[in-house]
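Here is the structure we will look at, set down as structure tokens.
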Amino acid sequence: MNRGVGGGLFAFSYTLLFFLFLFGPLIIMVITAFNSSAFPRVVPWECFTTDWFGLLIRNERLMTGLWTSLAIGIAVVAIAVPFGLAGALALADIGPRLRAGLYAVLITPILIPGVVLGISTIVFWSFVGRKLGAGYDTVFYNGLFLTLLGQVAFIASYAMLILSARLQRFDPTLTEAALDLGATPGQAFRKILLPFLKPALGSAAFITFLASFENYNTTVFTILSGNTFTTALASKVRHGTDPSLSALAVIIIAVTLIGAMVQEAHHRRRDLLRGGRPERSRLYANPLTRLLTHPAAILLILVGCTGAIIWQASHHDAQACRADILSEKQRVQERLLQEQQQRMQQRQTQTPAAPTAPSNNPSPFGGAFNPGSLAPK
Amino acid sequence: MTKDVVLDHVSIRFGGYTAVENAHLTIRGGEFFSFLGPSGCGKTTLLRCISGFVQPSAGRVLIGGEDMRNVGPNKRPTALIFQNLALFPLLTVAENIAFPLEVRRVGRKQRRKRADELLEMIALPGTGDKKVHELSGGQKQRVAIARALAAEPDILLLDEPLSALDLKLRQHMRTELRAIQQRVGLTFIYITHDQGEALTMSDQVAVMNAGVIEQIDNPETIYNRPRTPFVASFVGESNAIHGVVLSQTGRLATLDTPLGPLTGQAAGGRTYLPKERCTLFVRPEQLFIADTPPEVNTIKAKRVNEEFEGSIRTLYLQAGGEALRLYHMNAAVSAALASGDGAVTVSFKPEQATILPDDPALSG
């Protein structure tokens, strides 16, 4: 940042705005998760409550959706990563003229809109099913199966892209060297290429899992009558929202934060060890801090803290506060009612002689429906 | 244990491009054999063909009398040391060296023992647990050799393994490689574009140009008796003097050149006809300054420039429109050098010059 042109204040406020834009919604979402108000809002603050978490967990549709999503996600990783690896290897080995063509074919699923993929998956497999004379209870009409295929169709391309990027930095003479030293092609692959690809395989697995977990526009078609977490969530939002969604956001944020911190600890530790001079770091001089900065220790500590907070929160009872709020609301309502009645009485006394309407009738219809007015005077 | 390598009329083509044309030679077991040639002459392709990564388009490769067609690189008794060494970056030094044993399912303890033995042999004891990137260039070089030796090959193939090293290290590794070869008694097939490496280390040298093997001989013959103009000009420095044949008596032929009549040895006992266009090749160190008028090969020259290089002095001369180079040992005293007008008389012994025909179809 250039202080010479007086960018200090501008830069500061811009940065502030930037971070507000990034984190503002998250912060508000987190606050609403603990407000007892039935509509997710920060003001008016009513009571601190953890009930929305309970409500979320008791939502059967969401929870079965969650398990379905996890199962599909794991299956997608198990299929898409090997497919992606095969594609990346083919791209690396093929001649330059065919490579462009193959690349276009392998990358197309990412460019096709998810909706189209979803619909075409159902149409295609039901066509196959019909041709084979399969009934509606077969795999061709199974939402899980179709979702798996529909998602793998494009998620494998993500894996391929990640693995290809890493593979481009692989020196193919290493494989040749392994072969030359007596390794079979399988051994060369397992002992030389796979270890080299390991970091990319890890990120490919992570990305494919996330892509599967958060996918909506393909899944909403292929899952048929079933539900994944995202489709369940979407239908819930359509029927109106309550703070249990905020509670869900809090859980996701917490899991992400813990994961990120452990990952960062792992990276720092690895860099320190790779630097070859861990003894120079003060953290490593002290056995206690050395132990505490180990990623596993950090994971344990964070999980422990979270567990303690959850345990504490699950024993928090907002009942009393809610009752207070309720009675407070009732009191307010009663007071309003009383005030209204008082106002009306005042009006009656101020206008004692209403010529046409009976004096004790506040109805705007002039007491036409008052059974008493039918009586002869 | 030693096995001969036979290239039986091997040609290698990639599409329309011919990388190696009709290579036909025998490399005897236990020999240090070099392929010498400029880059792109097909020598690496030939090496990859011997190790099994490239199939010959025509001809056969025989190792120990066995036809190597359909024998994969991992089944051949060869080990290749790659130009970039191709050490496995994720493995430690010991794991690298023990890799050939690991893929043969040798036990962990035995592997480690053998790796330590080999590290001892290449004078790098105690480095087994280091990562490859912690080693220097020369150390990596030796680790690559140890790894290849761990595979217990009959033939070690080396693809310009010294080209990435600096000059001092290169000269040191030359001696070292030769010593290792004599200690382990394996056949070394060595590829290089550096004639110094080929000449100092080899028992036999094959000079290659544009896919064709031009001459196979021991280093001294290659240097002193080149059989083709390419070999004469590529190996070592040469002064090339063009002319036409005047006469030939026995092995000595005389050319009529712009510098006057010059006599040299006809290459390969060849007989030249008068008027045939030829070139006489004479090495700069074979030219000498004649303080007394010589009997033959008198060249009147003019000193144009000179460079002092320590043990020798390079004189740049001009004679009859041709530029000549002469290496003058500084220990040798010459009265002509001291004279101020720059005119010198130089000469060479007829047996030390080689006369080759200009028409390439007649060479070889």
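Per chain, numbering begins at 1; letters A, B, ... match sequence-line order. Only heavy atoms go into these numbers, but all of them, side chains included; no hydrogens, no water, no symmetry mates. Note that the structure is predicted; figures quoted are calculated from it, not measured.
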More than 12 foreign heavy atoms under 6.0 Å from [atom1] of [X]: is that the case here?
{"X": "B:Glu66", "atom1": "CD", "value": "no"}
{"X": "B:Arg183", "atom1": "CZ", "value": "yes"}
{"X": "B:Gln110", "atom1": "CD", "value": "no"}
{"X": "A:Phe145", "atom1": "CZ", "value": "yes"}
{"X": "A:Arg99", "atom1": "CZ", "value": "yes"}
{"X": "B:Asp166", "atom1": "CG", "value": "yes"}
{"X": "A:Tyr216", "atom1": "OH", "value": "yes"}
{"X": "B:Arg13", "atom1": "CZ", "value": "yes"}

Main-chain N/O of A:Ala183 paired with B:Asn74 side-chain donor or acceptor, under 3.5 Å:
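Checking the backbone N and O of A:Ala183 against the side chain of B:Asn74, a donor-acceptor pair under 3.5 Å is found.
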Tell me, out of B:Lys75, B:Arg76, B:Lys131, B:Glu102, who's got the most heavy-atom pairs with chain A below 4.5 Å.
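Heavy-atom pair counts peak at B:Glu102.
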Roughly how far, to the nearest 0.5 Å, is CG of A:Leu181 from CG of B:Leu101?
10.0 Å
Atom pair CG/OG1 of B:Leu85 and A:Thr173 - distance to nearest 0.5 Å
9.5 Å
Side chain / backbone / both / neither for [X] at chain A, heavy atoms under 4.5 Å:
{"X": "B:Leu87", "answer": "backbone"}
{"X": "B:Ala86", "answer": "both"}
{"X": "B:Leu90", "answer": "side chain"}

Is [X] in contact with chain B via its backbone, its side chain, both, or neither, using a 4.5 Å heavy-atom distance?
{"X": "A:Leu174", "result": "both"}
{"X": "A:Glu176", "result": "both"}
{"X": "A:Thr175", "result": "neither"}
{"X": "A:Asp180", "result": "both"}
{"X": "A:Ala178", "result": "both"}

Applying a criterion of heavy atom separation less than 4.5 Å, what residues of residues 40-52 of chain B form contacts with chain A?
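Checking residues 40-52 of chain B against chain A gives B:Arg48, B:Ser51.
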Answer yes or no: is there a side-chain heavy-atom contact under 4.5 Å between B:Phe99 and A:Lys191?
yes
Can you find a pair of side-chain heavy atoms, one from B:Arg104 and one from A:Gln187, that are under 4.5 Å apart?
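Side chain of B:Arg104 against side chain of A:Gln187, heavy atoms only: no contact under 4.5 Å found.
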